[in-house]
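Just follow the structure's listing: the first ligand is 1, and inside any ligand the first atom is 1. Scope of the values below: all heavy atoms of this structure, side chains included, with no hydrogens, waters or symmetry mates.
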Amino acid sequence: MTEIESFATTLQHYSTAIRTISDPDELRNYAVDGMLPRFAIIPETVEQVSQAVALANQQGLTLITRGGGSRLNLG
Ligand SMILES: Cc1cc2nc3c(=O)[nH]c(=O)nc-3n(C[C@H](O)[C@H](O)[C@H](O)COP(=O)(O)OP(=O)(O)OC[C@H]3O[C@@H](n4cnc5c(N)ncnc54)[C@H](O)[C@@H]3O)c2cc1C
């Protein structure tokens, strides 16, 4: 199991309703400077944000926050 698969599985365990994206074609919409994220999370509650951030920290994963993406799309 890759670290992203392990992250995804644990996250779903903590927060069954959290929306996530792992499909490479969909992840292209979240690229920054052509760098493709390996995974995207679309949290809808403060609790989901805090669970995702805490778990990413625990697993030493880099996390980029995104709002409308209008600035990140500039690179
Ligand atoms: C055509 C165009 C015109 C623009 N005109 C202007 C302008 O006139 N004035 C201006 O100031 N800017 C302008 N911008 C830049 C941009 O739109 C603004 O900076 C805007 O505030 C970015 O908001 P966003 O939600 O799209 O941020 P994003 O692009 O999603 O993110 C921008 C930064 O904020 C961080 N971030 C986003 N959401 C969060 C969060 N919830 N918590 C912590 N960090 C977060 C991201 O990690 C990233 O570092 C323009 C951009 C474009 C494409």
Protein heavy atoms near atom 43 (C) of ligand 1, is at least one of them under 4.0 angstrom away?
yes

Does the protein place any heavy atom closer than 4.0 Å to atom 9 (N) of ligand 1?
no

CG/Asp33 to CG/Leu72 distance, rounded to the nearest 0.5 angstrom?
9.5 Å

Approximate separation, where rounding is to 0.5 Å, of Arg38 CZ and Glu5 CD
10.5 Å

Please evaluate residues Gln12 and Ile18 with respect to the criterion side chain to side chain contact (heavy atoms under 4.5 Å, CB included), reporting the C-alpha separation (whole Å), side-chain torsions for both, the decisive distance (0.1 Å), and the verdict.
CA-CA 7 Å; Gln12 293 292 347; Ile18 200 165; 4.2 Å; yes

Apply side chain to side chain contact (heavy atoms under 4.5 Å, CB included) to Arg19 and Gln48, showing your working.
CA-CA 10 Å; Arg19 216 180 117 211; Gln48 287 178 350; over 6 Å; no

Option of least heavy-atom distance to atom 35 (C) of ligand 1 (set: Leu63, Ile64, Thr65):
Thr65

Who's closest to atom 29 (O) of ligand 1 heavy-atom-wise, of Val49, Leu72, Val32?
Leu72

Pairwise distance CG(Asn73) to OH(Tyr30) - rounded to 0.5 angstrom
11.0 Å

Proximity winner for atom 18 (C) of ligand 1, if only heavy atoms of Ser70, Pro43, Gly68 are counted
Ser70

Can you tell me the protein heavy atom closest to atom 50 (C) of ligand 1 and the distance?
Leu74 CD1, 4.7 Å

of all protein heavy atoms, closest to atom 32 (C) of ligand 1 is Arg71 CB, 3.6 Å

Hey, is atom 38 (N) of ligand 1 touched by any protein heavy atom at less than 4.0 Å?
yes

Protein heavy atoms: any of them under 4.0 Å from atom 16 (C) of ligand 1?
yes

Need the ligand 1 atom indices (1-based, order shown) with element for anything under 4.0 Å from a heavy-atom of Arg66.
30 (O), 37 (C), 38 (N)

For Thr10 and Gln59: C-alpha separation, side-chain torsions, deciding distance, then whether side chain to side chain contact (heavy atoms under 4.5 Å, CB included) applies.
CA-CA 10 Å; Thr10 316; Gln59 300 198 0; 3.9 Å; yes

Protein heavy atom at shortest distance from atom 28 (P) of ligand 1
Gly69 N, 3.6 Å

Is the shortest side-chain heavy-atom distance between Thr20 and Phe39 below 4.5 Å?
yes

Does the protein put any heavy atom within less than 4.0 Å of atom 46 (C) of ligand 1?
yes

Contact bool for atom 6 (C) of ligand 1 (protein heavy atom, d < 4.0 Å):
no

Establish whether atom 25 (O) of ligand 1 and some protein heavy atom are separated by less than 4.0 angstrom.
yes

Return yes when at least one protein heavy atom is under 4.0 Å from atom 53 (C) of ligand 1, and no when none is.
yes

Which heavy atom of the protein is the closest neighbour of atom 30 (O) of ligand 1, given with residue, atom name and distance?
Gly67 N, 2.7 Å

Please say yes or no: joined through hydrophobic side-chain contacts below 4.5 Å, possibly via intermediate residues, are Leu11 and Leu61 part of one cluster?
yes

With side chains defined as the heavy atoms from C-beta onward, is the minimum distance between Leu63 and Thr65 less than 4.5 Å?
yes

Measuring from Gln51:CD to Ile41:CD1, what's the distance to the nearest 0.5 Å?
10.5 Å

